[in-house]
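What's counted below: heavy atoms across the whole structure, side chains too, no hydrogens, waters or symmetry copies. Order of listing sets the numbers, starting from 1, for every ligand and every atom in it.
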Amino acid sequence: MARFVEAGKKIVAVGRNYAEHAKELGNALPTEPLLFLKPTTAYITEGQAIKVPITCTSLHHEVELGIVIGEKGADISESDAMKYVLGYTLALDMTDRAKQEELKKKGQPWSVCKGFDTSCPVSSFIPKEKIPDPQNIRLWLKVNEEMKQDGNTKDMIFTIPHLISFISSKFTLEPGDLILTGTPSGVGPVQAGDVIEAGVGDIIKVTFPVEKK
Ligand SMILES: CC(=O)CC(=O)C(=O)O
Ligand SMILES: [Mg+2]
């Protein structure tokens, strides 16, 4: 299991960081990063299954580049931000979309639709040097061997240094923290019996089955 998962530090996720994805769900583009948190009980690693929450009627996949933090820092400048990056992971931000729509209408927080057990499957740790340009790397995801998401981190609205700087102005970042940087377009439903494969370019590939809880 990856050491950042064992460290059990916080998971900070960014929403609507790709214009095409914001558009596909009918959301306005953010004027500053939209943040939410997942509990560490959301983590799973390969060999474990994504469990559909009992009351969930529409579980969606979202493939994302995860940033693993290596050093403690608050109010980090954009120019220093990359020094705080230890490496990366391929992450899925599994989302109870029907619940999210309901919560959005009521103006309520997203914890229950984004933070349920198994909602954050991750790959093993990717050392920083394996992704020399994290702002130009392909992210892809297949369901039952069919390509559903095929994007590139160059299309992020807020860059990785900007996200690190912004997040660290709200929450002190600590070694082992994970930042989910948002998903490109193509999100969609999965159900028990499906198999998700996803990857970061040719660098890493993961497989997660979807099962009933
Ligand atoms: C609409 C969303 O669920 C936001 C999100 O998580 C994203 O990656 O974008
Ligand atoms: Mg997401």
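Note on E102 versus K106: salt bridge recorded, some NZ/NE/NH1/NH2 to OD/OE distance being below 4.0 Å. Between D133 and K154 there is no salt bridge, since no side-chain N of the basic residue sits under 4.0 Å from a carboxylate O of the acidic one. A salt bridge is defined here as a Lys NZ or Arg NE, NH1 or NH2 lying under 4.0 Å from an Asp or Glu carboxylate O, and E20 with K23 meets this definition.
Note on ring orientation: taking the six-membered ring where Trp is involved, the planes of F4 and Y43 are perpendicular (angle over 60°, cut-offs 30° and 60°).
Judged by a 6.0 Å distance limit and a 45° cone about the ring axis, K38 is not positioned over the six-membered ring of F36.
The backbone N or O of T153 sits less than 3.5 Å from a side-chain atom of Q135, completing a donor-acceptor pair.
Note on D93: its N/O/S atom closest to the Mg ion (ligand 2) is OD2. Taking the Mg ion (ligand 2) as reference, E62 places its N/O/S atom OE1 nearest. Restricting E64 to its N, O or S atoms, the one at the least distance from the Mg ion (ligand 2) is OE2.
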List, pair by pair, the atoms of ligand 1 and of the protein that are both N or O and lie under 3.5 Å apart, giving the separation rounded to 0.1 Å.
unit_1: ligand 1; atom_1: 3 (O); unit_2: E62; atom_2: OE2; d: 3.0
unit_1: ligand 1; atom_1: 3 (O); unit_2: R97; atom_2: NH1; d: 3.0
unit_1: ligand 1; atom_1: 3 (O); unit_2: Q100; atom_2: NE2; d: 3.0
unit_1: ligand 1; atom_1: 3 (O); unit_2: K114; atom_2: NZ; d: 2.6
unit_1: ligand 1; atom_1: 6 (O); unit_2: E62; atom_2: OE1; d: 2.9
unit_1: ligand 1; atom_1: 6 (O); unit_2: D93; atom_2: OD2; d: 2.9
unit_1: ligand 1; atom_1: 6 (O); unit_2: K114; atom_2: NZ; d: 2.7
unit_1: ligand 1; atom_1: 8 (O); unit_2: E62; atom_2: OE1; d: 3.0
unit_1: ligand 1; atom_1: 8 (O); unit_2: E64; atom_2: OE2; d: 2.9
unit_1: ligand 1; atom_1: 8 (O); unit_2: T183; atom_2: N; d: 3.0
unit_1: ligand 1; atom_1: 9 (O); unit_2: R16; atom_2: N; d: 2.7
unit_1: ligand 1; atom_1: 9 (O); unit_2: H21; atom_2: NE2; d: 3.2

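Side-chain contact check for L90 versus I203: every heavy-atom pair is 4.5 Å or farther apart.
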